[in-house]
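Each remark here refers to the structure printed beneath this line.
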There are 2 protein chains.
Amino acid sequence: MFHKTGGMRRVAESTVRRLSLYLRLLEEFEEKGIDTVSSGALASLGGTTSAQVRKDLSFFGSFGKRGLGYPVPELASRIREILGLNRRYRVALIGAGKIGSALVQYRGFRARGFDIVSIFDVDPTKVGHRWNGLTVLDAAELETELARQPVDMAVLVTPAEAAQGVADRLTKLGVKAILNFAPVQLAVAEDVVVKTVNLALELETLSYALANR
Amino acid sequence: MFHKTGGMRRVAESTVRRLSLYLRLLEEFEEKGIDTVSSGALASLGGTTSAQVRKDLSFFGSFGKRGLGYPVPELASRIREILGLNRRYRVALIGAGKIGSALVQYRGFRARGFDIVSIFDVDPTKVGHRWNGLTVLDAAELETELARQPVDMAVLVTPAEAAQGVADRLTKLGVKAILNFAPVQLAVAEDVVVKTVNLALELETLSYALANR
DNA sequence: GTTTGTGAAACGATTCACAGCT
DNA sequence: AGCTGTGAATCGTTTCACAAAC
């Protein structure tokens with residue numbers, strides 16, 4: 001038995017994503033004062049199967065009571081710990097365009113522990129403006145500012161052409177996690193984790209589905 | 001051989017997503033006037049392997065010349081066809097909040113053939129305002145407006161609590177594809193395709209990665 | 001000589017099914 | 001009696017490896 005302590009074997013990304021989903025459901029149960037939940041209940045709300053829920057959780061330990069289910073607050077707390085959510089993260093936003101501006105204001109990030117602490121852009125008409133209590137800085141100041149105020153993650157919202165260059169500078173500055181909205185595949189050292197979200201691509205999976213039926 | 005015509009077997013979502021990625025790369029090659037590309041070249045730029053590229057394409061036909069590679073414009077055109085991108089799509093946006101406002105202005109959608117043609121919100125302070133040439137309509141008018149001006153897809157950017165109700169109304173109106181930004185798992189009839197994008201969840205996969213190394 | 005197209009092998013994730021607790 | 005935890009079976013995806021085409 002090697003749960004958490006000891007050499008954690010690689011857990012599938014799909015498992016991690018479902019964990020995150022279960023957490024949201026557990027927090028709803030918590031608010032309603034429900035204190036026990038079965039894998040079946042979690043599954044039907046989360047759009048999976050009870051076996052999947054149990055298997056997902058079993059990678060990290062055994063949290064349930066047979067015949068009963070899972071204790072809501074304990075399980076929620078344990079998932080927060082697994083996902084690294086029992087702390088806050090300092091996040092830099094690079095690119096003060098349309099999507100960037102939405103993300104700074106997006107409450108979902110802060111609610112989940114992600115604080116945008118600095119904003120950068122190359123556009124001189126944007127630099128100096130206050131956004132949600134933060135001054136947009138010149139992208140040229142990336143190095144000096146992140147030296148002064150290091151961050152845990154960066155959200156990249158630059159045009160495609162600029163993204164790789166910025167990613168290189170960020171990783172040189174020690175940033176180990178990047179959420180990338182630019183429609184390019186970033187090349188980074190293997191100790192850096194990148195998640196790319198491509199909005200147009202999501203619509204394309206829908207058009208594929210519509211076209212192929 | 002049953003490529004495209006004939007009973008197309010189920011193609012994995014991961015394959016469709018990569019196709020979309022290859023298309024973007026092919027379009028870059030097209031602009032540069034490069035007219036032949038190998039699976040290896042596509043693979044290294046797309047972050048996969050050449051075998052993966054060939055397998056992905058082989059689901060839909062054989063487009064390459066052995067010893068040579070793939071003809072760029074033909075392959076691009078064929079992928080557009082597969083993804084259903086040789087037409088434009090009419091899209092309704094429901095929710096004129098922070099993210100909604102970014103999406104209306106986002107050029108990536110229009111560039112890819114997705115036209116936002118109507119915007120709805122329940123907030124009376126938003127209704128009536130012009131946004132990027134469109135008037136924000138009261139969500140109560142969803143039925144009358146979509147009867148007048150039907151859409152192919154909807155982008156849902158409502159709070160979590162409202163999302164399922166709106167999804168029900170949309171599907172009743174015949175909408176068969178929904179891009180959902182609300183952090184809930186939507187339940188829909190099985191002829192409706194839903195893609196959920198959960199921004200906070202993406203950051204959580206990053207915090208998981210940071211916490212587990 | 002190079003690169004495709006594709007069966008076969010390897011790998012990985014999900015589902016099954018049931019023993020073991022409560 | 002009910003629900004978890006988990007090996008074993010199944011299913012799906014990726015990688016290998018090579019014959020066929022240019």
Would you kindly give the CG-to-C1' distance between A/Leu75 and D/dC3, to the nearest whole Å? 14 Å
So if I take every side-chain heavy atom of B/Ser38 and compare against C/dT14, D/dT15, C/dT4, which nucleotide ends up nearest? C/dT4
Suppose we call a contact any N or O donor and acceptor under 3.5 Å apart; does that hold for the side chain of A/Lys55 and the base of D/dG7? yes
Using only heavy-atom distances, determine whether the side chains of B/Asn198 and B/Glu202 contain a donor-acceptor pair under 3.5 Å. no
Nearest-angstrom distance from the residue atom CG of B/Leu57 to P of D/dT15: 15 Å
OP1 or OP2 of C/dT22 less than 4.0 angstrom from a side-chain nitrogen or oxygen of A/Tyr70, does that happen here? no
Side-chain N or O of A/Arg10 less than 4.0 angstrom from OP1 or OP2 on C/dG12? no
Could you walk me through whether A/Phe63 and A/Tyr70 pass the ring-ring contact (aromatic ring centres under 6.0 Å, His included) test, one step at a time? CA-CA 6 Å; A/Phe63 312 117; A/Tyr70 298 89; 7.4 Å; no
Between atom CD in A/Glu13 and atom P in D/dT14, what is the gap in whole Å? 13 Å
Using a heavy-atom cut-off of under 4.0 Å over every strand shown, decide if A/Ser39 touches base, sugar-phosphate, or nothing. sugar-phosphate
Check the distance between C/dG5's P and B/Asp56's CG and give it to me in whole angstrom. 12 Å
Just compare D/dA8, D/dT13, C/dT22 and give me whichever is closest to any side-chain atom of A/Arg66. C/dT22
Decide whether A/Glu145 and A/Ser118 meet the rule of one side-chain donor and one side-chain acceptor closer than 3.5 Å. no
Which of these nucleotides, D/dT14, C/dT22, C/dA13, is closest to any side-chain atom of B/Thr15? D/dT14
Measure from CG on A/Leu68 to C1' on D/dG5 and round the result to the nearest Å. 15 Å
Calculate the interatomic distance between A/Arg54 atom CZ and D/dG2 atom P; express it in whole Å. 15 Å
Kindly point out which of D/dG5, C/dG5, D/dT15 is positioned nearest to the side chain of B/Thr49? D/dT15
For A/Ala12 and for B/Phe63, find the nucleotide of DNA chain C with the closest heavy atom, then tell me which residue's nucleotide is more 5'. B/Phe63
A/Gln52 side chain N/O closer than 4.0 Å to the phosphate oxygens (OP1, OP2) of C/dT15? yes
Angle class for the B/Tyr208/A/Phe60 ring planes (parallel below 30°, perpendicular above 60°, tilted otherwise)? perpendicular
Whole-Å distance between D/dT14 P and B/Arg17 CZ? 12 Å
For residues A/Asp56 and A/Tyr22, is any side-chain donor paired with an opposing acceptor at under 3.5 Å? yes
From D/dT13, D/dT6, C/dT14, nucleotide with atom closest to B/Ser14 side chain: D/dT13
